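Side-chain atoms are counted along with the backbone in the values below, which use heavy atoms only and exclude waters and symmetry mates. Keep in mind the model is a prediction, meaning the values are calculated, not measured. Throughout, numbering of the chain's residues begins at 1 and tracks the sequence.
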Amino acid sequence: MWAHQHHDDVFLGKHIDKVYQLIGLNMVVYGHDESTVHYVVAAALDQFLHEEIPTWEYKTYVLDNDKHTPINLLVRQTLVYYEIFLKDYGSHDRHLVKHVINEISKNMSINTKGELCNKLIVLHNIHLLSPESLHIITVFVEKHVHGSRFLFTTN
């Protein structure tokens with residue numbers, strides 16, 4: 001899905017509504033202006049969650065590689081969604097995908113009503129991952145289709 005670079009309220013409203021309608025599907029939201037893409041996704045999440053979106057925080061994960069490398073991720077989460085702001089992780093991005101994103105995506109969530117539901121995983125700046133890591137993510141998208149939905153953003 002393309003998000004326009006100009007800040008016309010009509011276009012932004014249409015994009016927010018479209019992302020909100022498709023939020024149960026796996027999708028990529030892209031555009032020329034990264035801040036517009038993030039705004040569209042945040043506004044759609046605000047409608048989807050029906051509650052205040054939590055603040056961003058850094059979490060440290062220890063990768064299950066030879067050196068057990070600690071890695072800091074900028075995340076925000078609720079019971080039904082997990083949002084990660086990716087950066088360039090160099091040679092560690094494959095391990096990040098295999099050991100962090102896989103663990104997050106393989107289980108369903110329980111919403112505030114106590115019902116099982118799909119978990120929405122939002123990965124910002126997906127273009128910063130290597131082609132090998134992107135291939136691994138496509139495998140997880142297919143493998144965990146019954147428990148998780150992915151929303152990717154890129155410019």
Side-chain angles (χ1 to χ4, degrees), residues 1-4 12 14-61 63-65 71-113 115-155:
M1 170 169 209
W2 170 258
H4 290 276
L12 283 177
K14 288 180 181 180
H15 289 306
I16 291 166
D17 291 342
K18 190 66 167 176
V19 170
Y20 175 71
Q21 291 169 5
L22 298 174
I23 218 156
L25 303 173
N26 296 316
M27 73 175 126
V28 177
V29 179
Y30 64 96
H32 178 71
D33 185 5
E34 190 173 313
S35 63
T36 303
V37 172
H38 291 199
Y39 175 77
V40 167
V41 170
L45 285 173
D46 191 37
Q47 289 180 24
F48 171 71
L49 294 174
H50 305 292
E51 60 187 68
E52 188 174 329
I53 295 177
T55 58
W56 288 99
E57 62 180 321
Y58 279 99
K59 286 193 172 187
T60 301
Y61 293 90
L63 299 179
D64 192 18
N65 58 5
I71 193 165
N72 288 324
L73 290 177
L74 186 59
V75 302
R76 60 183 176 182
Q77 68 184 54
T78 67
L79 292 174
V80 295
Y81 98 105
Y82 203 95
E83 190 172 4
I84 302 173
F85 199 88
L86 298 171
K87 60 181 185 177
D88 186 4
Y89 295 102
S91 62
H92 298 298
D93 70 348
R94 183 172 38 92
H95 297 289
L96 168 77
V97 170
K98 282 184 176 179
H99 304 293
V100 177
I101 296 173
N102 181 37
E103 289 300 316
I104 293 167
S105 66
K106 68 179 172 181
N107 296 320
M108 292 183 82
S109 282
I110 298 176
N111 63 17
T112 55
K113 299 175 186 174
E115 304 166 333
L116 276 177
C117 63
N118 288 327
K119 185 183 304 178
L120 176 65
I121 299 168
V122 182
L123 299 176
H124 293 284
N125 299 325
I126 196 74
H127 59 277
L128 296 175
L129 295 177
S130 69
E132 181 183 346
S133 297
L134 292 173
H135 174 71
I136 295 169
I137 285 180
T138 60
V139 171
F140 293 152
V141 168
E142 291 177 19
K143 184 177 178 183
H144 304 305
V145 71
H146 298 295
S148 297
R149 297 292 184 263
F150 287 85
L151 192 154
F152 305 108
T153 69
T154 184
N155 61 357

Distance check, rounded to the nearest 0.5 Å: I84 atom CD1 versus I101 atom CD1?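 Rounded to the nearest 0.5 Å, the CD1-CD1 separation comes to 5.0 Å.
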Sidechain-backbone polar pair: [X] side chain, [Y] backbone, donor-acceptor under 3.5 Å:
X	Y	answer
K119	Y82	no
T154	I126	no
T153	N125	yes

If the condition is side-chain contact (heavy atoms from CB on, under 4.5 Å), which residues does E83 pass it with, not counting sequence neighbours? L45, W56, R76, Y81, V122, H124
Looking at residues at least two apart in the chain, or sitting in another chain, which of them share a side-chain contact (heavy atoms from CB on, under 4.5 Å) with N155? E34, H127
Does the side chain of [X] reach to within under 4.5 Å of the side chain of [Y], using non-hydrogen atoms?
X	Y	result
L129	L123	no
V19	M27	yes
L120	V80	no
F152	L86	no
Q47	D17	yes

Describe, in one word, how the ring planes of H92 and H95 are oriented to each other, choosing from parallel (under 30°), tilted (30 to 60°) and perpendicular (over 60°). tilted
Heavy atoms only: give me the nearest [X]-[Y] pair and the separation to one decimal.
X	Y	value
N26	S148	OD1-O, 4.3 Å
V97	F140	O-CE1, 3.3 Å
F150	V141	CD1-CG2, 3.5 Å
D93	L128	OD2-O, 4.4 Å
I136	R94	CD1-CG, 3.6 Å

Counting heavy atoms not belonging to Y61, are there more than 12 under 6.0 Å from its OH? yes
Output field: ring centroids H38/F85 closer than 6.0 Å: yes
Restricting to pairs with a member in residues 144-155, which pass salt bridge (charged side-chain N to carboxylate O under 4.0 Å, His left out), not counting sequence neighbours? none
Would K59 and N72 satisfy side-chain contact (heavy atoms from CB on, under 4.5 Å), going step by step from the backbone distance to the final call? CA-CA 6 Å; K59 286 193 172 187; N72 288 324; over 6 Å; no
